[in-house]
Amino acid sequence: MANLFIHWIEAKGAYTPWLFLALFVAASFLMIWRLEVMSGRGFEGTVLGTLVMPYCSGMGNLIFAFILGRNGGSGADVMTNSLVNNVTNMTLVLGLPAIIWGIKVLPSKNKNSSGKRSKGAGKTHELNRLSLLLTLTAVLFFTGAVWALGRKGNLNFNDGLVLVGLFLFWQCFHVFDVLKHNVRQGKSLGWALPFDLALLAVGAYGIYISTDWLVNWISDIHTGFISVKYIGWLSGWLMVLPNALLAFYYGWRGQPETVYASQVGDAHVSIPLCLGIYALYHTMVMPAFFHAGMLILLGATLAHFFCVAFFGQLPRFVGWVLVAAYGVFLYKGLLG
(Lines give C-alpha, C1' and ligand atoms only; values in the text may rest on other atoms or scores of the structure.)
Protein backbone atom coordinates (compact mmCIF):
# COMPACT_ATOMS: atom_id res chain seq x y z
CA MET A 1 0.00 0.00 0.00
CA ALA A 2 2.81 2.41 0.95
CA ASN A 3 4.72 1.57 -2.23
CA LEU A 4 1.63 2.32 -4.32
CA PHE A 5 1.34 5.71 -2.64
CA ILE A 6 5.03 6.48 -3.25
CA HIS A 7 4.78 5.43 -6.90
CA TRP A 8 1.68 7.62 -7.30
CA ILE A 9 3.60 10.66 -6.05
CA GLU A 10 6.63 9.80 -8.19
CA ALA A 11 4.37 9.77 -11.28
CA LYS A 12 3.71 13.51 -10.82
CA GLY A 13 6.98 14.44 -12.53
CA ALA A 14 8.36 17.87 -11.63
CA TYR A 15 5.87 18.22 -8.76
CA THR A 16 7.19 15.11 -6.98
CA PRO A 17 9.75 16.85 -4.70
CA TRP A 18 7.16 19.45 -3.70
CA LEU A 19 4.61 16.74 -2.91
CA PHE A 20 7.09 14.92 -0.67
CA LEU A 21 7.88 18.23 1.05
CA ALA A 22 4.15 18.72 1.59
CA LEU A 23 3.91 15.17 2.96
CA PHE A 24 6.73 15.92 5.42
CA VAL A 25 5.01 19.08 6.68
CA ALA A 26 1.57 17.41 6.87
CA ALA A 27 2.95 14.41 8.79
CA SER A 28 4.76 16.75 11.18
CA PHE A 29 1.57 18.66 11.91
CA LEU A 30 -0.40 15.44 12.37
CA MET A 31 2.01 14.58 15.17
CA ILE A 32 1.76 18.08 16.63
CA TRP A 33 -2.04 17.91 16.62
CA ARG A 34 -2.26 14.57 18.43
CA LEU A 35 0.51 15.44 20.88
CA GLU A 36 -1.31 18.62 21.83
CA VAL A 37 -4.52 16.66 22.38
CA MET A 38 -2.57 14.22 24.56
CA SER A 39 -1.08 17.10 26.53
CA GLY A 40 -4.56 18.05 27.69
CA ARG A 41 -5.06 14.58 29.15
CA GLY A 42 -2.16 14.53 31.55
CA PHE A 43 0.63 16.78 30.33
CA GLU A 44 0.66 20.54 30.69
CA GLY A 45 2.87 23.61 30.64
CA THR A 46 6.52 22.97 29.96
CA VAL A 47 6.20 19.23 30.52
CA LEU A 48 4.61 19.27 27.06
CA GLY A 49 7.65 20.94 25.60
CA THR A 50 10.38 19.02 27.43
CA LEU A 51 8.94 15.53 27.06
CA VAL A 52 6.44 15.38 24.22
CA MET A 53 7.16 18.14 21.70
CA PRO A 54 10.74 17.02 20.97
CA TYR A 55 9.48 13.72 19.54
CA CYS A 56 7.24 15.70 17.23
CA SER A 57 9.65 18.39 16.08
CA GLY A 58 12.73 16.17 16.32
CA MET A 59 11.36 13.16 14.46
CA GLY A 60 12.72 14.39 11.12
CA ASN A 61 16.24 14.83 12.53
CA LEU A 62 16.08 11.39 14.11
CA ILE A 63 15.00 9.75 10.85
CA PHE A 64 17.62 11.73 8.89
CA ALA A 65 20.38 10.43 11.18
CA PHE A 66 19.04 6.87 10.89
CA ILE A 67 18.84 7.01 7.07
CA LEU A 68 22.36 8.40 6.64
CA GLY A 69 23.71 5.93 9.18
CA ARG A 70 21.99 3.01 7.44
CA ASN A 71 23.08 4.13 3.96
CA GLY A 72 26.64 5.07 4.92
CA GLY A 73 26.07 8.78 4.37
CA SER A 74 28.33 11.56 5.62
CA GLY A 75 28.55 12.01 9.37
CA ALA A 76 29.46 15.66 8.82
CA ASP A 77 26.02 16.13 7.21
CA VAL A 78 24.32 14.69 10.31
CA MET A 79 26.29 17.05 12.56
CA THR A 80 25.48 19.96 10.23
CA ASN A 81 21.79 19.01 10.32
CA SER A 82 21.79 19.01 14.13
CA LEU A 83 23.71 22.28 14.41
CA VAL A 84 21.51 24.05 11.85
CA ASN A 85 18.40 22.77 13.64
CA ASN A 86 19.49 23.72 17.16
CA VAL A 87 21.22 27.03 16.40
CA THR A 88 18.26 28.18 14.27
CA ASN A 89 15.82 27.28 17.06
CA MET A 90 17.86 28.92 19.84
CA THR A 91 18.64 32.13 17.91
CA LEU A 92 16.33 32.97 15.00
CA VAL A 93 13.17 31.07 15.97
CA LEU A 94 13.20 32.38 19.56
CA GLY A 95 14.67 35.77 18.70
CA LEU A 96 11.98 36.82 16.22
CA PRO A 97 8.96 36.16 18.54
CA ALA A 98 10.83 38.03 21.28
CA ILE A 99 11.22 41.02 18.94
CA ILE A 100 7.60 40.91 17.71
CA TRP A 101 5.61 39.97 20.85
CA GLY A 102 8.11 39.64 23.66
CA ILE A 103 8.55 36.37 25.53
CA LYS A 104 7.65 36.70 29.21
CA VAL A 105 7.91 33.50 31.23
CA LEU A 106 6.96 35.45 34.36
CA PRO A 107 4.23 37.95 33.34
CA SER A 108 4.00 41.38 34.92
CA LYS A 109 2.01 41.53 38.15
CA ASN A 110 -1.53 42.85 37.81
CA LYS A 111 -2.70 44.83 40.82
CA ASN A 112 -6.36 44.40 39.84
CA SER A 113 -6.26 40.58 39.92
CA SER A 114 -7.65 38.81 42.97
CA GLY A 115 -5.10 37.69 45.54
CA LYS A 116 -5.90 33.97 45.50
CA ARG A 117 -6.01 33.72 41.70
CA SER A 118 -2.85 35.82 41.38
CA LYS A 119 -0.97 33.56 43.81
CA GLY A 120 -2.11 30.44 41.98
CA ALA A 121 -1.11 31.79 38.58
CA GLY A 122 2.18 33.07 39.97
CA LYS A 123 3.02 29.65 41.36
CA THR A 124 2.28 28.00 38.00
CA HIS A 125 4.48 30.48 36.13
CA GLU A 126 7.29 30.02 38.64
CA LEU A 127 7.13 26.24 38.26
CA ASN A 128 7.25 26.65 34.48
CA ARG A 129 10.28 28.91 34.82
CA LEU A 130 12.13 26.39 37.01
CA SER A 131 11.30 23.59 34.57
CA LEU A 132 12.60 25.72 31.70
CA LEU A 133 15.81 26.49 33.57
CA LEU A 134 16.34 22.76 34.14
CA THR A 135 15.82 22.13 30.43
CA LEU A 136 18.29 24.88 29.48
CA THR A 137 20.80 23.36 31.90
CA ALA A 138 20.39 20.03 30.13
CA VAL A 139 20.98 21.72 26.74
CA LEU A 140 24.20 23.22 28.10
CA PHE A 141 25.28 19.84 29.49
CA PHE A 142 24.45 17.88 26.31
CA THR A 143 26.02 20.47 23.99
CA GLY A 144 29.11 20.67 26.19
CA ALA A 145 29.40 16.88 26.20
CA VAL A 146 29.28 16.75 22.37
CA TRP A 147 31.81 19.58 22.11
CA ALA A 148 34.18 17.82 24.53
CA LEU A 149 33.83 14.43 22.81
CA GLY A 150 34.16 15.98 19.33
CA ARG A 151 37.29 18.05 20.00
CA LYS A 152 39.41 15.19 18.68
CA GLY A 153 37.74 15.65 15.28
CA ASN A 154 35.24 12.77 15.34
CA LEU A 155 32.65 10.83 17.34
CA ASN A 156 33.20 7.06 17.48
CA PHE A 157 31.08 4.10 18.64
CA ASN A 158 31.95 4.60 22.32
CA ASP A 159 31.03 8.28 22.08
CA GLY A 160 27.72 7.25 20.52
CA LEU A 161 26.98 4.97 23.49
CA VAL A 162 27.65 7.86 25.88
CA LEU A 163 25.38 10.27 23.98
CA VAL A 164 22.49 7.82 23.64
CA GLY A 165 22.86 6.91 27.32
CA LEU A 166 22.66 10.59 28.32
CA PHE A 167 19.45 11.00 26.33
CA LEU A 168 17.84 7.89 27.82
CA PHE A 169 18.68 9.05 31.35
CA TRP A 170 17.11 12.46 30.66
CA GLN A 171 13.95 10.91 29.25
CA CYS A 172 13.61 8.47 32.16
CA PHE A 173 13.83 11.41 34.54
CA HIS A 174 10.94 13.16 32.75
CA VAL A 175 8.83 10.02 32.42
CA PHE A 176 8.87 9.60 36.21
CA ASP A 177 8.21 13.31 36.67
CA VAL A 178 5.10 13.08 34.46
CA LEU A 179 3.91 9.95 36.26
CA LYS A 180 4.25 11.72 39.62
CA HIS A 181 2.33 14.68 38.25
CA ASN A 182 -0.50 12.45 37.04
CA VAL A 183 -0.72 10.61 40.36
CA ARG A 184 -0.96 13.90 42.24
CA GLN A 185 -3.65 15.17 39.91
CA GLY A 186 -5.51 11.86 39.78
CA LYS A 187 -5.04 11.61 36.02
CA SER A 188 -4.44 8.57 33.81
CA LEU A 189 -3.44 8.16 30.18
CA GLY A 190 -7.03 7.31 29.23
CA TRP A 191 -8.80 5.02 26.79
CA ALA A 192 -7.86 7.10 23.73
CA LEU A 193 -4.14 6.43 24.10
CA PRO A 194 -4.02 3.58 21.51
CA PHE A 195 -5.81 5.81 18.97
CA ASP A 196 -3.39 8.67 19.64
CA LEU A 197 -0.39 6.36 19.35
CA ALA A 198 -1.71 4.98 16.06
CA LEU A 199 -1.99 8.49 14.59
CA LEU A 200 1.48 9.33 15.87
CA ALA A 201 2.78 6.20 14.13
CA VAL A 202 1.11 7.32 10.88
CA GLY A 203 2.75 10.73 11.20
CA ALA A 204 6.14 9.21 11.96
CA TYR A 205 5.88 6.91 8.95
CA GLY A 206 4.92 9.85 6.73
CA ILE A 207 8.03 11.69 7.91
CA TYR A 208 10.13 8.58 7.29
CA ILE A 209 9.05 7.95 3.69
CA SER A 210 9.21 11.64 2.75
CA THR A 211 12.66 12.12 4.32
CA ASP A 212 13.96 8.89 2.76
CA TRP A 213 12.78 9.93 -0.72
CA LEU A 214 14.09 13.49 -0.43
CA VAL A 215 17.52 12.29 0.78
CA ASN A 216 17.80 9.85 -2.14
CA TRP A 217 16.58 12.52 -4.59
CA ILE A 218 19.03 15.21 -3.51
CA SER A 219 21.90 12.71 -3.35
CA ASP A 220 21.77 12.52 -7.15
CA ILE A 221 22.13 16.31 -7.57
CA HIS A 222 25.75 17.48 -7.50
CA THR A 223 25.63 21.08 -8.70
CA GLY A 224 24.05 24.23 -7.31
CA PHE A 225 22.87 25.07 -3.80
CA ILE A 226 20.01 22.52 -3.90
CA SER A 227 22.46 19.62 -4.03
CA VAL A 228 24.02 16.89 -1.93
CA LYS A 229 26.84 19.30 -0.96
CA TYR A 230 24.40 21.23 1.23
CA ILE A 231 22.15 18.37 2.34
CA GLY A 232 22.93 19.01 6.00
CA TRP A 233 21.88 22.66 5.75
CA LEU A 234 18.80 22.04 3.61
CA SER A 235 17.54 19.20 5.80
CA GLY A 236 18.19 21.23 8.95
CA TRP A 237 16.13 24.16 7.65
CA LEU A 238 13.33 21.84 6.53
CA MET A 239 13.12 20.26 9.97
CA VAL A 240 13.13 23.67 11.65
CA LEU A 241 9.96 24.65 9.74
CA PRO A 242 7.45 22.92 12.08
CA ASN A 243 9.25 24.41 15.09
CA ALA A 244 9.20 27.89 13.57
CA LEU A 245 5.46 27.69 12.90
CA LEU A 246 4.92 26.43 16.46
CA ALA A 247 6.89 29.34 17.89
CA PHE A 248 4.94 31.94 15.95
CA TYR A 249 1.61 30.22 16.69
CA TYR A 250 2.16 30.02 20.45
CA GLY A 251 3.73 33.50 20.48
CA TRP A 252 0.60 34.88 18.81
CA ARG A 253 -1.59 32.99 21.31
CA GLY A 254 0.36 34.42 24.22
CA GLN A 255 1.82 31.15 25.53
CA PRO A 256 5.50 32.09 25.92
CA GLU A 257 6.42 29.14 28.14
CA THR A 258 5.35 26.72 25.40
CA VAL A 259 7.23 28.77 22.76
CA TYR A 260 10.35 28.44 24.86
CA ALA A 261 10.01 24.85 25.99
CA SER A 262 9.17 23.40 22.56
CA GLN A 263 12.26 24.97 20.97
CA VAL A 264 14.62 24.18 23.84
CA GLY A 265 13.30 20.64 24.22
CA ASP A 266 13.98 19.92 20.55
CA ALA A 267 17.71 20.21 21.27
CA HIS A 268 17.56 17.03 23.33
CA VAL A 269 16.73 14.96 20.25
CA SER A 270 19.19 16.50 17.77
CA ILE A 271 21.92 16.70 20.40
CA PRO A 272 22.70 14.13 21.76
CA LEU A 273 20.36 11.42 20.41
CA CYS A 274 20.69 11.90 16.62
CA LEU A 275 24.46 12.24 16.84
CA GLY A 276 24.71 9.21 19.08
CA ILE A 277 22.62 7.06 16.74
CA TYR A 278 24.79 7.88 13.73
CA ALA A 279 28.00 7.28 15.73
CA LEU A 280 26.73 3.78 16.55
CA TYR A 281 26.74 3.08 12.79
CA HIS A 282 29.89 4.89 11.65
CA THR A 283 32.57 7.22 12.97
CA MET A 284 31.32 10.78 12.55
CA VAL A 285 33.84 13.32 11.22
CA MET A 286 33.23 16.89 12.39
CA PRO A 287 32.46 19.61 9.79
CA ALA A 288 34.82 22.58 9.47
CA PHE A 289 32.53 24.98 11.40
CA PHE A 290 31.91 22.54 14.28
CA HIS A 291 33.68 24.61 16.95
CA ALA A 292 32.14 27.91 15.81
CA GLY A 293 28.65 26.36 15.71
CA MET A 294 29.05 24.83 19.15
CA LEU A 295 30.28 28.10 20.67
CA ILE A 296 27.34 30.03 19.18
CA LEU A 297 24.90 27.39 20.46
CA LEU A 298 26.46 27.41 23.95
CA GLY A 299 26.48 31.22 24.00
CA ALA A 300 22.82 31.46 22.94
CA THR A 301 21.81 28.90 25.58
CA LEU A 302 23.70 30.79 28.30
CA ALA A 303 21.95 34.01 27.21
CA HIS A 304 18.55 32.31 27.50
CA PHE A 305 19.42 30.89 30.92
CA PHE A 306 20.57 34.29 32.21
CA CYS A 307 17.49 36.12 30.90
CA VAL A 308 15.01 33.55 32.25
CA ALA A 309 16.77 33.26 35.63
CA PHE A 310 17.21 36.98 36.34
CA PHE A 311 14.52 38.73 34.27
CA GLY A 312 11.85 36.05 33.78
CA GLN A 313 11.67 36.97 30.11
CA LEU A 314 13.61 37.29 26.86
CA PRO A 315 13.98 41.06 26.29
CA ARG A 316 13.54 42.44 22.79
CA PHE A 317 17.12 43.68 22.54
CA VAL A 318 18.37 40.17 23.34
CA GLY A 319 16.13 38.93 20.52
CA TRP A 320 18.01 41.26 18.15
CA VAL A 321 21.34 39.94 19.47
CA LEU A 322 20.22 36.34 18.86
CA VAL A 323 19.14 37.13 15.29
CA ALA A 324 22.55 38.77 14.70
CA ALA A 325 24.26 35.67 16.14
CA TYR A 326 22.37 33.57 13.60
CA GLY A 327 23.80 35.76 10.85
CA VAL A 328 27.30 35.02 12.18
CA PHE A 329 26.47 31.30 12.20
CA LEU A 330 25.40 31.44 8.54
CA TYR A 331 28.59 33.29 7.61
CA LYS A 332 30.85 30.84 9.45
CA GLY A 333 29.05 27.78 8.13
CA LEU A 334 28.45 28.76 4.51
CA LEU A 335 31.16 31.31 3.75
CA GLY A 336 33.75 31.09 6.52
Side-chain angles (χ1 to χ4, degrees), residues 2-31 54-89 155 160 163-164 201-244 266 269-290 293 333-334:
N3 288 334
L4 290 174
F5 179 65
I6 293 172
H7 292 324
W8 178 80
I9 296 180
E10 289 176 334
K12 302 305 176 182
Y15 295 103
T16 299
W18 296 103
L19 290 173
F20 275 107
L21 282 172
L23 175 60
F24 177 89
V25 173
S28 297
F29 278 105
L30 173 62
M31 296 188 72
Y55 290 105
C56 164
S57 58
M59 181 61 69
N61 304 90
L62 190 59
I63 290 173
F64 181 78
F66 168 74
I67 290 172
L68 264 65
R70 180 196 63 190
N71 297 343
S74 170
D77 288 333
V78 177
M79 176 60 77
T80 299
N81 172 277
S82 294
L83 280 174
V84 170
N85 184 87
N86 287 6
V87 173
T88 304
N89 283 339
L155 296 176
L163 295 176
V164 173
V202 171
Y205 188 67
I207 292 174
Y208 171 76
I209 61 175
S210 57
T211 303
D212 190 31
W213 191 93
L214 289 168
V215 167
N216 290 329
W217 171 71
I218 205 169
S219 296
D220 294 328
I221 303 174
H222 300 281
T223 58
F225 187 73
I226 308 297
S227 66
V228 68
K229 180 180 178 180
Y230 297 102
I231 189 174
W233 287 89
L234 296 170
S235 61
W237 284 324
L238 173 63
M239 291 156 195
V240 161
L241 181 60
N243 256 4
D266 184 40
V269 175
S270 294
I271 298 176
L273 182 60
C274 293
L275 303 181
I277 285 177
Y278 182 90
L280 294 178
Y281 280 99
H282 310 282
T283 297
M284 175 185 289
V285 178
M286 300 296 100
F289 69 104
F290 169 72
L334 295 172

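Just so it is clear, the model here is predicted, and its values are computed rather than measured.
Tyr281 is not listed as a side-chain neighbour of Leu68, based on a closest heavy-atom distance of 4.5 Å or more. Inter-residue side-chain proximity for Leu238 and Leu214 is flagged as met; some heavy-atom pair is nearer than 4.5 Å. In this structure, the side chains of Met286 and Leu155 come closer than 4.5 Å at one or more pairs of heavy atoms. Considering only heavy atoms from C-beta on, Glu10 comes within 4.5 Å of Trp213 through its side chain.
Taking both residues in full, the closest heavy atoms of Asp77 and Val228 are given as OD2-O, 4.5 Å, listed atom of the first, atom of the second, then distance. Shown here for Phe64 and Val78, the closest heavy-atom pair between the two residues is CE2-CA, 4.1 Å. The two residues Gly203 and Ala27 make their nearest non-hydrogen contact at O-CB, 3.3 Å. When every heavy atom of Cys274 is checked against every heavy atom of Ala65, the shortest pair comes out as O-CB, 3.5 Å. Shown here for Phe24 and Pro242, the closest heavy-atom pair between the two residues is CE2-CG, 4.4 Å.
Considering only residues two or more places apart in sequence or on other chains, Phe289 meets the side-chain contact (heavy atoms from CB on, under 4.5 Å) condition with Thr80, Leu83, Trp233, Pro287, Phe329.
Looking at Ser210, its side chain does come within 3.5 Å of a backbone N or O of Ile207 through a donor-acceptor pair.
For the atom pair OG (Ser82) and CE (Met239), the distance works out to 9.5 Å, reported to the nearest 0.5 Å.
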Next on the checklist: I'd like to know whether Ile63 forms a side-chain contact (heavy atoms from CB on, under 4.5 Å) with Ile67, so could you lay out the CA-CA distance, the side-chain angles of the two residues, the decisive distance to 0.1 Å, and finally the verdict.
Outcome noted: CA-CA 6 Å; Ile63 290 173; Ile67 290 172; 3.6 Å; yes
What pairs of donor and acceptor atoms, side-chain ones from residues 215-227 against any protein atom, are under 3.5 angstrom apart with sequence neighbours left out?
unit_1 : atom_1 : unit_2 : atom_2 : d
Asn216 : ND2    : Asp212 : O      : 3.1
Ser219 : OG     : Val215 : O      : 2.6
Ser227 : OG     : Gly224 : O      : 2.6

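Taking the six-membered ring where the residue is Trp, Trp8 and Phe5 present parallel rings, their angle staying beneath 30° rather than reaching 60°.
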